[in-house]
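All remarks here apply to the structure that follows.
These numbers come from a predicted model, not from an experiment. Throughout, a chain's letter reflects where its sequence line sits, starting with A, and its residues are numbered from 1. Below, all heavy atoms of this structure are taken into account, side chains as well, without hydrogens, waters or symmetry copies.
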Amino acid sequence: MHSELETPVRVRFAPSPTGHPHLGNIRAALFNWLFARHHGGKFVLRIEDTDVARKVEGAVDTIVGSLRWLGLDWDEGPYFQSQRSATYRDIAHRLLQEGHTYSCYCSAERLEAMRQEQAKRKQPPRYDRRCRNLSQQERAQLEASGITPVVRFKTPHEGETTVHDLIHGAVAFKHATLDDFVLLKSDGYPTYHLANVIDDHLMAISHVLRGVEWLSSTPRHVLLYGALDWQPPLFAHLPMILGPDRAKLSKRHGAATIIDYQEQGYLPEAMVNFLALLGWSLDDHTELLTREELIEHFSLDRVGKTGAIFDKDKLEWMNGVYMRRLSLDEFVGRALPFLDRGLPESVQRPLDEGYVHQVMSLIQERARTLAEVPELTDFFFLDDVQYDTDLLLGKDLDTQSAINAITTTLHSLQGVAHWDASLLEAVLRPLAKELGLSTRAFFGLLRVAVTGRTAAPPLFQTMEVLGQEKCLRRLSAALQLLSGSS
RNA sequence: GGCGCAUUCGUCUAGAGGCCUAGGACACCUCCCUCUCAAGGAGGAGAUCACGGGUUCGAAUCCCGUAUGCGCUACCA
């Protein structure tokens, strides 16, 4: 075991481009990044694209895009394992010469049949090592038949390997429960086990921080390091992020990729804060931490062991907090793309920036995500508002008094010279009294008339932003509606 | 089936033998503020610390079993 003082911290995020990175992957990336930044070390990005068949087009772009969006900058890479085949072959060759591996000619069909047989007999499915002790002659024969072999590792039959995990402590695995795993596939590409060990060593990775689903294969890696006579890195297996059903998070659980959250209007800084708290905590009360605080305090010994269900409600709350903390300009800048995309077609583009500013100042503290900004504010941008006439009438407001109230309001507002919130309030509040209506009923009526909805930003400010002309027009329209229905 | 890991309020978590009649946060409920909605403030409900045995004067914390969940068990990563 080496000390942290002598070895510079180098960690890596090594996703495979077999799909878009989901929250679990990204959380692993975040922890690696935080660990690197905390220790002043390096964060390396490596793409593990050794599975040609499962490769997904565009996945690398999403990986890069996700990291960029969250601000997880890397110091080296991306390295692509698909471009390092020669290295893996060389080292596999060395392993073969040193007697740590052997070629296996078994067909997929035979392996499948073997596994079925084992399952039937309730035996653990494991390669039966048929090719491990082939005679020279048998080997030559198989070689001549044109079969391209895979290369397997000679796992010791006896003994055990103990993995020293920084989070879980010592975990022992009996060699008898491991099988002769494949190092080189018949297509010439290495398996994860080989490529991962070689690259981590060659790239001088000091700490491997990865999901706990890798814990079971770590003894194989440790065995490989031993065979190569290399010093293994330190391991830390991170707890899993679970779906609401407590199963490993996947596409089945709906929004699982980080890009989904970007589209749903979450702020990257909120996302980082939230993800950091999934499996890590500072103390018994701190929930909100800036990126700098996260870097300053992050440590492996405060990483938990238990899988965490992703709690979207809490994310929403946290996102709201971050949205409210933004300066108005900043908020407008972030909301603009969502408005552009989310507002009805009928709204004239480009949006008037000054007007957007005024509107945004009214809903900044009300929105929990950027994606809900358009629906929260569309009435500010539309020419007319549609709503159910019934909304105008409350429990203590009949049609006649509503008509009366709006008519009076229209009169009072017609001549208002300085259309601003305080003046509107100065005019309308006394009016409620005159009309014998509660402010609740009266302002509620006006709110529906002017915005088309029962929940909106404060009435007077809303009216100020909407402007005199639009307000009067909508008030008149409400009057029409009421007259028509009576 | 085998191997491994995990198990504290619905959820995220604090807790590293006495500070715990278990703390915080989200969600939920009530009240206050109030023109509605948010935000904010004050309260509330919510966990026999999976269960059973030990160890100890004393256990959520240590040990051993059991149960449950999850992961791995591929020429996937």
Side-chain angles (χ1 to χ4, degrees), chain A residues 14-19 48-51 53-54 104 106-108 111-112 115 118-119 121-127 148-152 163 165 168 171-174 176-179 181-187 189-193 195-196 211-219 237 239-240 242 244 246-248 274 277-288 301-302 304-318 320-321 324 363-368 376 425 428-429 432 438-448 451 453-460 462:
Chain A
S16 75
T18 51
E48 310 226 321
D49 52 351
T50 54
D51 187 344
R54 293 202 316 151
C104 169
C106 294
S107 66
L111 294 176
E112 184 49 39
R115 272 192 285 268
Q118 288 165 333
R121 275 184 291 161
K122 298 214 182 276
Q123 298 284 308
R126 254 199 295 276
Y127 178 58
T148 320
V150 300
V151 174
R152 288 183 185 271
V163 174
D165 186 276
H168 295 275
V171 185
F173 297 85
K174 293 202 171 32
T177 67
L178 270 25
D179 67 353
F181 54 101
V182 173
L183 257 27
L184 232 40
K185 303 182 254 184
S186 55
D187 63 4
Y189 281 98
T191 57
Y192 172 83
H193 305 302
N196 159 265
V212 73
E213 63 268 30
W214 290 109
L215 185 55
S216 303
S217 27
T218 307
H237 288 92
M240 210 140 34
L242 280 13
R246 292 216 144 265
K248 189 175 172 179
F274 185 75
L277 256 24
L278 239 40
W280 175 86
S281 62
L282 173 60
D283 52 33
D284 64 346
H285 64 278
T286 308
E287 306 280 342
L288 270 11
D301 39 64
R302 293 205 61 86
K305 301 180 183 182
T306 64
I309 294 177
F310 185 85
D311 181 4
K312 207 166 170 178
D313 277 341
K314 189 160 181 176
L315 203 218
E316 264 185 28
W317 160 76
M318 192 174 279
V321 172
R324 277 174 250 127
I363 56 100
Q364 179 170 9
E365 68 173 59
R366 294 178 167 74
R368 286 165 82 86
L376 241 29
E425 180 160 14
L428 295 174
R429 206 170 275 282
S438 66
T439 49
R440 184 188 186 84
F442 181 46
F443 296 161
L445 167 70
L446 298 183
R447 173 174 301 103
V448 172
T451 69
R453 51 183 77 186
T454 53
L459 181 63
F460 313 117
T462 300

[X] near the nucleic acid: base, sugar-phosphate alone, or nothing, with a heavy-atom cut-off under 4.0 Å?
{"X": "A:L277", "answer": "sugar-phosphate"}
{"X": "A:G279", "answer": "sugar-phosphate"}
{"X": "A:A308", "answer": "sugar-phosphate"}
{"X": "A:T439", "answer": "sugar-phosphate"}
{"X": "A:F460", "answer": "base"}
{"X": "A:P457", "answer": "base"}
{"X": "A:A119", "answer": "nothing"}

Interatomic distance at [atom1], [N] relative to [M], whole Å:
{"N": "B:U7", "M": "B:C76", "atom1": "C1'", "answer": "29 Å"}
{"N": "B:G24", "M": "B:G43", "atom1": "P", "answer": "11 Å"}
{"N": "B:A39", "M": "B:C32", "atom1": "C1'", "answer": "14 Å"}
{"N": "B:A25", "M": "B:G41", "atom1": "P", "answer": "10 Å"}
{"N": "B:G4", "M": "B:G58", "atom1": "P", "answer": "33 Å"}
{"N": "B:A27", "M": "B:A67", "atom1": "P", "answer": "39 Å"}
{"N": "B:U56", "M": "B:G46", "atom1": "C1'", "answer": "32 Å"}
{"N": "B:G17", "M": "B:C12", "atom1": "P", "answer": "25 Å"}

**Request:** For residues A:W214 and A:Y192, establish whether the separation of their ring centroids is below 6.0 Å.
**Result:**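 A:W214 vs A:Y192: aromatic centres under 6.0 Å.
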Which nucleotide, if any, forms a Watson-Crick or G-U wobble pair with [N], using both distances under 3.5 Å?
{"N": "B:G1", "result": "B:U73"}
{"N": "B:U66", "result": "B:A50"}
{"N": "B:G58", "result": "none"}
{"N": "B:A16", "result": "none"}
{"N": "B:C28", "result": "B:G44"}
{"N": "B:U36", "result": "none"}

In this structure, how many angstroms lie between the [atom2] atom of [N] and the [atom1] atom of [X], rounded?
{"X": "A:M318", "N": "B:U13", "atom1": "CE", "atom2": "C1'", "answer": "12 Å"}
{"X": "A:D313", "N": "B:G10", "atom1": "CG", "atom2": "P", "answer": "15 Å"}
{"X": "A:R440", "N": "B:C33", "atom1": "CZ", "atom2": "P", "answer": "13 Å"}
{"X": "A:D283", "N": "B:A25", "atom1": "CG", "atom2": "C1'", "answer": "11 Å"}
{"X": "A:D165", "N": "B:C5", "atom1": "CG", "atom2": "P", "answer": "10 Å"}
{"X": "A:L278", "N": "B:C26", "atom1": "CG", "atom2": "P", "answer": "16 Å"}
{"X": "A:Q123", "N": "B:G2", "atom1": "CD", "atom2": "P", "answer": "10 Å"}
{"X": "A:H285", "N": "B:G15", "atom1": "NE2", "atom2": "P", "answer": "12 Å"}

**Fill in**
Going 5' to 3' through nucleotides 61-77 of chain B and flagging B where a protein heavy-atom sits under 4.0 Å of the base, S where only the sugar-phosphate is that close, and - otherwise, we get ---------SBSSSBBB
Heavy-atom pair of closest approach, residues [X] and [Y]:
{"X": "A:G307", "Y": "A:L242", "answer": "C-CD2, 3.7 Å"}
{"X": "A:L277", "Y": "A:E287", "answer": "CD2-O, 3.1 Å"}
{"X": "A:R429", "Y": "A:T439", "answer": "NH1-CG2, 3.9 Å"}

Report the nucleotide, chosen from [options], that has the shortest atom-to-atom distance to any side-chain atom of [X].
{"X": "A:W317", "options": "B:G4, B:C37, B:A27", "answer": "B:A27"}
{"X": "A:D284", "options": "B:G4, B:G23, B:C26", "answer": "B:G23"}
{"X": "A:F173", "options": "B:A39, B:G4, B:C26", "answer": "B:G4"}
{"X": "A:S281", "options": "B:G2, B:C12, B:U13", "answer": "B:U13"}

When you measure from the side-chain N and O atoms of [X] to the phosphate of [N], is any distance below 4.0 Å, counting only OP1 and OP2?
{"X": "A:H168", "N": "B:A6", "result": "yes"}
{"X": "A:R302", "N": "B:G15", "result": "yes"}
{"X": "A:R368", "N": "B:A27", "result": "yes"}

**Message:** Go nucleotide by nucleotide along RNA chain B from the 5' end; which of A:G307 and A:E365 gets its closest nucleotide reached first?
**Reply:**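 This one resolves to A:G307.
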**Message:** Would you say that more than 12 heavy atoms from the other residues, nucleotides or ligands in this model lie under 6.0 Å from the CZ of A:R440, or not?
**Reply:**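 Check fails, neighbour count at 12 or below.
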**Prompt:** Do A:E287 and B:G24 have a side chain to base donor-acceptor pair shorter than 3.5 Å?
**Reply:**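 Pair found.
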**Prompt:** Does a distance-only test, which skips hydrogens and angles, find a donor-acceptor pair under 3.5 Å between the side chain of A:K305 and the base of B:A6?
**Reply:**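 There is none.
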**Message:** With a 4.5 Å cut-off on side-chain heavy atoms, are A:V321 and A:L288 touching?
**Reply:**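 In short, these two side chains touch, coming nearer than 4.5 Å.
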**Message:** Side chains of A:T454 and A:V448, heavy atoms from C-beta outward: is any pair under 4.5 Å?
**Reply:**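 Touching, per the 4.5 Å side-chain cut-off.
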**Sidechain N-carboxylate O distance under 4.0 Å for A:R54, A:D51** =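 Salt bridge flag = yes for A:D51 with A:R54.
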**Item:** A:E316/A:R368 ion pair, N-O < 4.0 Å
**Value:**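 Yes, charged N to carboxylate O under 4.0 Å.
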**Prompt:** Does A:T451 use its side chain to pair, donor to acceptor, with the backbone of A:A456 at less than 3.5 Å?
**Reply:**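 Not confirmed, A:T451 side chain does not pair with A:A456 backbone.
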**Message:** Can you confirm if the NZ or CZ of A:R152 lies within 45° of the ring axis of A:F181 and under 6.0 Å from the centre of its six-membered ring?
**Reply:**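 No, cation not above the ring by the 6.0 Å, 45° rule.
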